[in-house]
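Remember, it's a predicted structure, so these values are computed and weren't measured experimentally. Whatever order the structure lists ligands and atoms in, that order sets their numbers, starting from 1.
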Amino acid sequence: MKLSDSIQNLKGIGEKTSTLFGKVGVFSLWDLLLYIPRDFVINPEIRTASSLLEAKEGELAAVRLTVQGVPSLIHVRRLSILNAFGSDETGSVKLSWYNQPYLKKTLQPGSTRVFLGKVKFNRGTVSLEHPKMFRLDEYDRQKGVLHPVYPLTHGLTSKGIEKAVKGAFDAVSPIADFLTKEEMDKLDLPELETSLRTVHSPASPERMTKARKRLAFNEYLSFLLSIRRMKTENAASHNDFHMEEADETNKLIGSLPYKLTGAQMRAFRDVLNDVGGERAMNRLVQGDVGSGKTIVALLAMLTAAANGYQSAMMAPTEVLASQHAEKIRGLFEEYGIDYEVELLTGSLTAKEKREAKKRIESGEARIVVGTHALIQEDVVFQDLALVVTDEQHRFGVNQRQVLADKTINKKVPHVLVMSATPIPRTLAIILYGDLDISVMDELPAARLPIKNAVVGIEYRKKAYNFILKQVQEGHQAYVICPQVEESEMVEGENVTDYSAKLKEIYGDSVRVVMLHGKMKPKEKNEIMRQFSEHEIDVLVSTTVIEVGVDVPNSTVMMIEDAQKFGLAALHQIRGRVGRGKAQSYCIFVNTAGGEEDNKRLKVLSSTNDGFKIASEDLKLRGPGDLFGIRQSGVMDFKIADIYNDADMLKAASAFVHDISKEAEERLMVYEADTGRITL
Ligand code: ADP
Ligand code: MG
């Protein structure tokens with residue numbers, strides 16, 4: 001089999017399983033080999049039942065127990081709970097499983113097994129939740145073995161993935177390496193196949209780190225080669241849409257309620273120079289959250305409209321696309337600007353979509369706002385001169401060409417990419433080698449810095465009172481929980497229960513509503529609209545609001561289970577407040593209470609500079625951290641993390657810089673083998 005073959009070619013993977021894999025982005029054998037564990041566990045030593053009393057809640061423990069009596073099976077709504085008791089000579093332990101009624105048969109009274117599970121205390125009884133069962137000899141054989149824990153999607157188990165990975169190796173081994181022995185020695189990196197095998201079952205943490213580095217190197221290498229291709233193509237591009245500076249933009253700048261920052265002005269100047277120049281614009285505007293990128297994009301779109309052209313703005317989520325469209329329409333109305341703004345999202349009805357597309361095709365819609373998917377998939381433009389992508393980090397030549405092919409005249413549009421990702425300059429030059437960059441390193445002056453607090457759960461009551469006070473003063477608040485609803489598998493606050501709790505606490509005095517990613521897009525948009533228009537006071541949400549959302553009247557951000565998030569993600573979430581004139585506050589609740597986490601979270605109190613935060617995070621976690629916390633939204637790499645693997649990015653950059661023809665050919669073969677689609 002080839003690496004690019006579908007996983008359906010493996011024994012035991014039918015249509016159903018492959019659909020599940022598809023949900024996590026695994027289609028080919030190569031994808032599967034790169035679906036690497038997010039953690040490893042070593043089975044703990046067997047201990048006595050009585051010693052569990054000294055264990056920590058949630059600790060993984062193994063106890064050898066004899067099943068006492070017949071297990072009981074009860075049903076609560078759609079949930080079945082299987083309870084049993086097991087004991088050794090020191091005491092007894094309760095064992096519980098949810099929705100696994102069939103285990104009852106294996107739990108024969110009097111049988112003895114090793115039970116491995118998480119410790120839980122409930123009114124003086126110790127229990128193990130969802131324990132796995134082993135025969136003693138079986139358990140002993142696994143001593144010291146690192147067991148992979150894969151990132152899961154509903155319906156796929158870690159065991160199932162492990163089996164599929166093994167099948168994939170059997171099918172494709174030996175995997176040819178595209179680096180020569182000398183190159184690997186020079187780079188101090190292990191072989192490709194060894195690395196792949198190691199990341200799935202490492203003999204030691206050190207080997208794991210090395211293997212991960214090798215895979216990160218591969219990923220960067222492919223990426224940088226495609227950037228090089230793009231650069232060549234950009235250099236050969238023409239300016240098919242020449243634009244002049246328009247009066248309307250100056251009028252708008254003059255009538256805004258605020259003065260543009262110097263950085264905003266400079267970025268807009270850069271854009272004007274590009275669109276009036278020789279070649280198609282290909283520019284990145286990089287500015288921290290809240291630096292005011294949207295207005296720069298809008299000025300660019302207005303310039304296109306005034307020059308008689310169409311422009312499109314693409315957002316990663318519907319919520320954000322709708323919000324952008326609303327804002328632009330609002331501004332146009334307020335300042336008497338008369339261009340048609342078209343919103344194109346998945347939750348429009350079929351008829352609405354048809355009509356919107358008609359207006360886009362006829363050119364009547366001058367400014368189009370939508371989600372990436374929609375705009376790229378099935379729209380024909382009259383005269384698309386400018387594409388703005390919000391919160392995306394790059395825009396490939398292919399994408400640009402795809403859009404050009406969708407216009408009636410097939411001309412290539414200007415591209416403006418907006419990103420809040422804080423990347424050190426040296427890395428940005430490598431990563432964005434084909435783009436011109438405008439850095440917006442200045443926040444609007446009218447802002448008060450956000451006040452931050454890192455607290456424990458005992459502070460919650462105070463926080464609720466504080467939110468109440470802010471609401472009474474006419475402001476709004478966000479409360480973020482990591483989960484949508486209660487789950488048996490993961491501990492953590494969830495928006496469903498949390499919003500119910502807040503409703504109970506506040507009664508009718510505060511309008512509390514929840515928002516999460518599992519809702520229908522239409523419902524999400526409606527809730528965001530209500531929140532924007534202050535029909536909701538407190539929004540209890542998952543991180544769906546992480547990117548881009550702008551409701552300047554919100555002054556409090558309370559983040560539950562803050563310790564579970566990466567600092568860069570927290571910084572993005574925090575960026576939803578502190579956008580207006582009023583003082584804003586961010587409350588990070590460390591629900592686990594650990595000192596290490598407190599220390600990490602306090603970095604956020606000490607600075608509001610996204611780049612400093614990302615690099616501090618890395619320093620605190622240190623090189624011993626196998627997986628790191630994947631930073632939010634930083635490019636779409638599967639394995640490489642630009643902070644953790646900056647060394648590999650530099651190494652790959654140097655490699656590409658003086659790559660030989662022969663080496664480049666080897667790489668092309670590898671890319672074809674793995675079925676990697678380059679940008
Ligand atoms: P981001 O860079 O995160 O996309 P936005 O463009 O959403 O930021 O702007 C954040 C908020 O700041 C918006 O409410 C916007 O109206 C406001 N804003 C933008 N530029 C300025 C400025 N120069 N002075 C004051 N407020 C501004
Ligand atoms: Mg934005």
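- Glu318 and Ser347 form a side-chain donor-acceptor contact under 3.5 Å, judged by distance and modelled atom types alone.
- A donor-acceptor contact closer than 3.5 angstrom links the side chains of His414 and Asn239.
- Residue Lys259 touches ligand 1 through its backbone alone, judged by heavy-atom distances below 4.0 Å.
- Using 4.0 Å as the threshold, Arg447 has a heavy atom nearer than that to some atom of ligand 1.
- Counting heavy atoms under 4.0 Å from ligand 1, residue Pro552 touches it through the side chain alone.
- Taking the ring axis of Phe241 as reference, the NZ or CZ atom of Lys411 stays within 45° of it and closer than 6.0 Å to the ring centre.
- Residue-ligand proximity, Thr294 to ligand 1, at heavy-atom distances under 4.0 Å covers atoms 4 (O), 5 (P), 6 (O), 7 (O).
- Residues Gln476 and Asp537 have side chains that never bring a donor and an acceptor to within less than 3.5 angstrom of each other.
- Put simply, no part of Gly287 is less than 4.0 Å from ligand 1, judged by heavy atoms.
- With sequence neighbours excluded, the residues that form a side-chain hydrogen bond (donor to acceptor under 3.5 Å, both in side chains) with Thr555 are Gln470.
- Only the side chain of Asp550 comes within 4.0 Å of ligand 1, judged by heavy-atom distances.
- Salt bridge status for Arg329 with Glu342: absent, with no side-chain N to carboxylate O gap under 4.0 Å.
- Considering backbone and side-chain N/O atoms, Gln264 comes within less than 3.5 Å of an N/O atom of ligand 1.
- Counting atoms of ligand 1 from 1 in the listed order, those under 4.0 Å from a heavy atom of Val289 are 3 (O).
- Scanning Ala297, Ala263, Gly575, Pro444 for the heavy atom closest to atom 25 (C) of ligand 1 points to Pro444.
- Among residues two or more places apart in sequence or in another chain, the side-chain hydrogen bond (donor to acceptor under 3.5 Å, both in side chains) test is passed with Gln530 by Glu526.
- The distance from ligand 1 to the heavy atoms of Thr261 drops below 4.0 Å at these ligand atoms: 23 (N).
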